[in-house]
Amino acid sequence: EYQKMSKQEIDPSWWFCQSDRVSQLQDMAQTHDTPLYVYDERTLRTRIAELKSLLSASNAALSRVMYAMKANPNVEILRIVKELGLGFECESIDEVNFLFSQFPDLEPSMVLFTPNFCKVSEYSKGLERGIHVTLDNIYPLERHPEVFAGRNVFVRVDPGQGKGHHKKVHTAGDRSK
């Protein structure tokens with residue numbers, strides 16, 4: 001159940017608690033069209049460092065951190081993500097192509113291609129680039145074994161136990177995508 005929180009209960013955002021930032025945002029709103037998307041590089045770098053610290057912990061639960069391109073494909077954000085050594089998770093071959101058009105020197109091992117039921121030609125393009133490829137299920141392996149023969153791929157496994165927050169939204173199980 002939704003409850004309205006008082007101002008004292010709200011965790012203030014960076015712009016709310018730093019008056020110099022508020023005036024910067026107001027100035028930007030006056031000189032650029034609005035609505036205006038503004039990203040704080042310092043916050044981005046801090047959050048990435050926090051995630052990367054999980055990799056170096058003695059009991060590290062993670063072996064790699066990937067940035068989901070679908071979250072925000074802003075080139076400047078992608079540049080910072082690359083500079084700080086995170087990998088990229090791309091959901092479409094267009095995202096893969098865009099990423100490499102911006103960063104031709106990007107190591108293919110830093111890219112994970114996780115499409116949803118794409119064409120076999122898109123799997124082929126991903127594999128030809130040398131990036132990591134994820135399959136939704138074993139159907140592509142059964143239908144096009146020649147494309148995947150001798151290749152390392154990830155395969156999503158459906159345990160058959162679907163759950164979801166709504167009867168129309170299920171992850172796994174016989175009623176999932």
Side-chain angles (χ1 to χ4, degrees), residues 13 35-55 60-177:
S13 297
L36 176 66
Y37 292 96
V38 179
Y39 305 101
D40 183 54
E41 183 175 341
R42 182 172 48 198
T43 299
L44 179 61
R45 288 179 179 277
T46 299
R47 296 297 179 260
I48 290 172
E50 289 170 355
L51 286 170
K52 287 183 72 174
S53 74
L54 298 174
L55 298 172
L62 302 175
S63 61
R64 182 178 287 192
V65 177
M66 310 292 271
Y67 175 80
M69 289 246 332
K70 68 182 177 182
N72 189 334
N74 177 286
V75 176
E76 192 59 23
I77 290 175
L78 299 178
R79 183 191 63 74
I80 293 167
V81 167
K82 179 181 181 283
E83 173 192 322
L84 297 177
L86 267 61
F88 295 92
E89 186 267 336
C90 301
E91 193 171 282
S92 71
I93 200 67
D94 290 335
E95 286 180 347
V96 170
N97 292 335
F98 178 75
L99 186 62
F100 281 100
S101 76
Q102 298 303 308
F103 309 106
D105 63 333
L106 181 65
E107 288 293 323
S109 64
M110 298 299 286
V111 180
L112 175 63
F113 179 39
T114 57
N116 286 305
F117 302 103
C118 72
K119 297 175 186 174
V120 70
S121 62
E122 293 180 22
Y123 288 124
S124 293
K125 288 175 185 174
L127 291 167
E128 287 167 12
R129 278 201 180 269
I131 62 177
H132 301 287
V133 174
T134 304
L135 306 176
D136 277 329
N137 54 55
I138 62 169
Y139 176 78
L141 294 172
E142 294 170 336
R143 181 84 170 123
H144 306 282
E146 70 285 355
V147 172
F148 303 100
R151 308 282 191 141
N152 291 322
V153 295
F154 295 98
V155 179
R156 291 184 186 134
V157 176
D158 182 346
Q161 301 294 316
K163 298 287 182 193
H165 66 276
H166 185 275
K167 68 180 182 178
K168 302 256 186 210
V169 180
H170 284 265
T171 301
D174 60 356
R175 294 186 173 178
S176 68
K177 60 179 181 172

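Everything numeric here is computed off the predicted structure, so don't read it as measured data. Heads up: numbering here begins at 1 and tracks the sequence. Scope of the values below: all heavy atoms of this structure, side chains included, with no hydrogens, waters or symmetry mates.
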Q. What are the two closest heavy atoms between Ser124 and Val147, and how far apart are they?
A. OG-CG1, 3.4 Å

Q. Can you name the closest pair of heavy atoms from Cys118 and Pro115 and give their distance?
A. SG-CG, 3.5 Å

Q.
Show the nearest heavy-atom pair for residues Cys90 and Val111, with the distance to one decimal.
A. SG-CG1, 4.1 Å

(Q) Once rounded to the nearest 0.5 Å, what's the spacing between atom CE of Met66 and atom CG of Leu51? (A) 13.0 Å

(Q) Please find the pair of heavy atoms, one from Phe88 and one from Leu78, that lie closest to each other, and give the distance. (A) CZ-O, 3.6 Å

Q. Does Val153 reach the side chain of Tyr123, with side-chain heavy atoms less than 4.5 Å apart?
A. no

Q. Tyr39 versus Asn72: any side-chain heavy-atom pair under 4.5 Å?
A. yes

Q.
Would you say the ring centers of Phe117 and Tyr139 fall short of 6.0 Å from each other?
A. no

Q: Report the distance from atom CG of Asp40 to atom CZ of Arg45, rounding to the nearest 0.5 Å.
A: 11.0 Å

Q) Can you find a heavy atom in the side chain of Lys125 that is under 4.5 Å from one in the side chain of Lys119? A) no

Q.
For a side-chain contact (heavy atoms from CB on, under 4.5 Å) check, start with the C-alpha distance between Phe98 and Val75, then their side-chain angles and the critical distance, and finish with the verdict.
A. CA-CA 10 Å; Phe98 178 75; Val75 176; 3.6 Å; yes

Q: Could you tell me whether the side chain of Arg156 reaches within less than 4.5 Å of the side chain of Asn116, counting heavy atoms only?
A: yes

(Q) Is the shortest side-chain heavy-atom distance between Phe103 and Asp105 below 4.5 Å? (A) yes

Q.
So, taking the atom named CG in Leu106 and the one named CZ in Arg129, what distance separates them when rounded to the nearest 0.5 Å?
A. 9.5 Å

**Q.** Separation of Ile80 CD1 from Glu41 CD (nearest 0.5 Å)
**A.** 3.5 Å

Q: Kindly compute the distance separating CD1 (Ile131) from CD (Glu107), expressed to the nearest 0.5 Å.
A: 13.0 Å

Q) Are the side chains of Val96 and Met69 in touch, meaning some heavy atoms are under 4.5 Å apart? A) no

Q | Interatomic spacing from CZ in Arg151 to NE2 in His132 - rounded to 0.5 Å | A | 13.0 Å

Q: Please report the closest heavy-atom contact between Arg64 and Ser109, naming both atoms and the distance.
A: NH1-O, 2.9 Å

Q) Heavy-atom distance under 4.5 Å between the side chains of Leu54 and Val65, does that happen here? A) no

Q.
To check you understand the geometry: which heavy-atom pair defines the closest contact between Gly87 and Val81, and what is its length?
A. O-CG1, 4.2 Å

